[in-house]
Structure formats: C-alpha cells, structure tokens
Amino acid sequence: MSTAEARLRDRIGGGRALALIDGNSFYCSCERVFDAKLARVPVIVLSNNDGCAIARTPEAKALGIKMGDPYFKIRGLCEAQGVRVFSSNYTLYGDMSARINAIYRDSTPDVEVSSIDESFLDLTAFVRRDRVALARDIRATVRAWTGIPTCVGIGPTKTLAKLANHIAKTVPELDGVCDLTEPTAYEHWLCRIHVGELWGVGRASLPKLEAMGIDTVADLRDIDPRPVRKALTVVGERMIHELRGVSCLGLELVPARRKGCAVTRSFSGRVTERSELEQAVAAHATRLGEKLRREGLGTDHITVFYHTSEHDRGEPMRSVSTMVTLPEATNDTLALIPAALHGVARTWREQGSPPWRYSKAGVVTVDLKPLAASQRALIGQLDRERAGRLMGALDVCNARFGRGSVVPARAGLAQQRRTWTTKFEMRTPRYTTQVDELPVAHA
DNA sequence: AGTGTCACCAACCGGGCC
DNA sequence: TTCCGGCCCGGTTGGTGA
C-alpha cells in the first residue's frame, strides 16, 4: 500500500483510537493474586455448580484443557497433572474488576466497562506515540497495584481494538500491546489472522464465511458486503465496515439502563419433587427482587422456566416456560415469589415412572421499567410504601450479614437445601470484600 | 452422578388492524 | 362481504461473547 493510501485509511478511521484492555485468564489471575504458590502452575476456574472450565492459565491450556470442558471429564487429567482447580468466586472477581477500572479512569474518564474483565478506553486525544506509551503504563500500574496481568489492543474501531487485543495476547514479542491505528501494523496483521478469531464470528458464522472463500480477516475486509449481510445479517456487514475503519459501534460511557434481568441456575443434582422445584424458583425470585431493587427497576411480568437436561439421553424430556403477569410493575420479593410459584402451579405435571428429572430452573424478565415512573394499576394496586420499607430492611440485613441471611421461608431454609442448591466446593475466600475472610499475613 | 450464566441483538412469524 | 398488502406488535428463536 502506498503512503497516500495509508494516509487515506488513517483518515477513514477518523483519527479515532480506542483501546481494549482485558485481564489475562482473568479469574485465574484473581486466584493467583492471593496465593503465590499458584504462579506458573496450571490453574482453572469452574463455572457455577462446578460444571465446566471457564478460565484457564496458559499452563492449563497447554495441557489441552478447553474452554467449556466439563469438569467431570477432565478431573483425572487435573489430578494427574497437578492442575489447581477453583469454583468461581464472583464476589472476588467483581471487586478486582472495580479496582482495575478505577485505575483506567485515572488516565481518561472515557471508559466503557464492557464486561467483568474488559474495558474500552477512548485514547483519541493522545497522539499515536503517546498511546502506546500510555498503554504500557496502564498495564504496569494494574500489574503493580492489583497483581493482574493485562493486554491492550488499540484500533480505530471497537472491532479493530478487539482484534489488536487478540494479537497482543498471542504474539509474545509485542509485550502485551498491539496498535492497529499504525498503518504498517494494520496491513501486516489483518492478512495473518484467521477470520474465526474475529469478535462476532462464532461457531455458526464461521462455516458460512469459509464457504464464501473467506480465510483471513483481510479477506473479510475486502469482500463485497452484500452476500455477507445476506448470510450473517447486518451484524456481518457492520463487521466489514468496522474492519475498514468505519465505526459502527459507539463507545457507551454511560451504561444503558438494563432491559432485562435473569436469575437461572442448574441444580447440583436432579430435582423430581415439586416442593424442591418451588424452593428453587422462590429463591431465584428472591434474588431477582434484590437485583431489581438495587437499580430501582420493576417488572409487571416474569417468565418462569424449568427443564430436564439435554445430556440425560434416553430419559423423559420436558421443558416448561410460562409467563406470569403481575397487576403492576414491582420489585417486591413478596409479590414476585407468589407470581413465580403460580408459574410452577400452572405447569407442574404429576410425575410418572420414570419421572422427569429436572436439571435447571430460572426466573426471567424483559421490559424492565424504572419504578418511580411506572404506570400504577387501577385494580390490584400493591402497597409500595409498606413493601418498600420491608424490602429495604431485608436488603440491609443481607448486606450486613451476607446474602441469604434473611430470606422468605418459601425460598428454603439452609438445612432443606440439598438437591437443588448450586455447588461451589472449591471456592476461595472473598478476600477483598468480607472482613472475616481477609487474607492473614504471618510475620 | 455430573456439561454455566447472563445480556443483548436481529430475524422471523403470526395476529390484529386498516 | 372477502381478500390482500403493509405495518406494528409481541413473542420466539438463534447467535454471540465472556
């Protein structure tokens, strides 16, 4: 590419520079912060219920442990190879994430927190040389202050920043930073990265692109967008424009009000009793209420679902999903629980033999509304004042004594919770957020 | 014995309506 | 009266990433 073309392409990017910073094997790195013996040994963190591997250090990846591998299938390998295995500790990871984002905000206020371990930073105001220097500085600070290793990708659009981050992670010589606003680097890398690595290309889209003869990211950038739009919808077309430097995905500095909220869990065993299913559903409704109250949101209908496992081949299968309407929008646990239980009552079928063995249940809402502004019911109005005071007291107790200290009896008392509660058998302490779980230093 | 949770988007489809 | 097309809607489905 000529210099003139390079300048043009630079201008097409609008001179914008976005950085995507993320934590390397984030959950594993959080565990390593609190146990020096975990350095350089393979570490994995499991999903809820100790089901699958969802975070792996490079040492664990090298042993062939894949993202999403069921733990019961790799357990032998882990024991033989000395892999350190942890249940997920979201309280800890969430707190580490907040600390890291506070460090990012020391460099620029323009930060979009896009997930628990990734944030976009707008570096447009910095000249190119300073951007890379700043990226190295941020990495070093996060490492020094929190112990978490990170990588930084810089590009004129989100898609290119994300791609740059992937390159920074996989090419050791780059020392954790890749800048694709640099035209030479842009030309160099796009034709060397497989299109399957691109953000937005998953298991369904990849074969479609391959069928169109697309192999590298550069192939996708240079193809006629129309057939791609036909196969991958506007999402695919947007990807092409983003790769060309035309920004289609804006930076969202103010988190948008959430539109939906779900609480879903697999059971640690299989549930066959109606009373156990009811306990689980009531507990999920309780948690839903907590989440909605925290954000001042309410809902006037909830969907309750429960189903057997796809993996239980040869057993009777059943999947239930039902929507229950409330008289008006609420986040009162004592209104949500009866609604959720109504969903069970309406759909429960007496067990035959063999019985349905349910593996998972959940409570889901869409269309959340800010409660202050929501339409009041003409009939069946709920007593918001009274419910508000009661729920406020409940939330205060649970904040002080730990979640689940005070729960409605329908959600089950500790000694009744057997078959359905989630497993976390290998969870580390919540080092940074619970006083009684602080790490102890021995002098 | 046992295979995660959650949010969001886009497409699609059927029903109601004009 | 019936049919049709276009539009909006609500609900469902499938895809994605982390």
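The model shown is predicted, which means the values in this text are computed figures rather than measured ones. Within every chain, numbering begins at 1; the chains are lettered A, B, ... in the order of the sequence lines, protein sequences first and strands thereafter.
A salt bridge is absent between A:Lys158 and A:Glu242; no separation between the charged side-chain nitrogens and carboxylate oxygens falls under 4.0 Å. A:Glu315 has a carboxylate O that lies under 4.0 Å from a charged side-chain N of A:Arg357, or vice versa, which qualifies the two as a salt bridge. Comment: A:Asp300 engages A:Lys369 in a salt bridge, judged by a side-chain N to carboxylate O separation of less than 4.0 angstrom.
Listed nucleotides: B:dC6, B:dG2, B:dT3. Nearest to the side chain of A:Arg357: B:dG2. Listed nucleotides: B:dG4, B:dG2, C:dG17. Nearest to the side chain of A:Ser266: B:dG4. Here the side chain of A:Asn48 is nearest to one of C:dT16, C:dG17, B:dT5, namely B:dT5.
Counting non-hydrogen atoms under 4.0 angstrom, A:Lys423 reaches nothing in the nucleic acid. Within the nucleic acid shown, A:Asp69 has no heavy atom closer than 4.0 Å to any nucleic acid atom. Using a 4.0 Å heavy-atom cutoff across all strands shown, A:Leu249 reaches no nucleic acid atom at all. Residue contacts shown for A:Glu118 are limited to sugar-phosphate atoms, with no base heavy atom under 4.0 Å away.
A:Lys360 has no side-chain polar atom (N or O) that falls below the 4.0 Å cut-off from OP1 or OP2 of B:dT3. Distances shown here put every side-chain N or O of A:Ser47 at or beyond 4.0 Å from the OP1 or OP2 atom of B:dT5.
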When you check every protein heavy atom under 4.0 Å of nucleotides 7-13 of chain B, what one-letter string (B, S, -) results, 5' to 3'?
SSSSS--
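Residue A:Ser119 forms a side-chain contact (heavy atoms from CB on, under 4.5 Å) with just one option from A:Thr150, A:Asn101, A:Asp22, A:Ile100, and that option is A:Asn101.
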In dot-bracket notation, what is the pairing pattern of DNA chain C, taking Watson-Crick (N1-N3 plus N6-O4 or O6-N4) and G-U wobble (N1-O2 and O6-N3) contacts under 3.5 Å, with [ ] crossing and | for other strands?
....||||||||||||||
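For the pair A:Asp312 CG and B:dA1 C1', the computed distance is 10 Å after rounding to whole Å.
Between A:Leu220 and A:Ile240, the shortest heavy-atom distance links the atoms O-CG1, 3.7 Å.
Note: A:His188 and A:Tyr186 fail the aromatic proximity criterion, with ring centroids not under 6.0 Å apart.
Nucleotides C:dG15 and B:dT3 have their P atoms positioned 23 Å apart, rounded to a whole Å. Across the C1' atoms, C:dG17 and B:dG2 are found 25 Å apart, a figure rounded to whole Å.
When only modelled atom types and interatomic distance are considered, A:Thr428 and A:Asn89 share a side-chain donor-acceptor pair under 3.5 Å.
Residue whose closest nucleotide on DNA chain B sits further toward the 5' end, between A:Arg270 and A:Arg265: A:Arg270.
Remark: A:Glu79 engages A:Arg75 in a salt bridge (charged side-chain N to carboxylate O under 4.0 Å, His left out) (not counting sequence neighbours).
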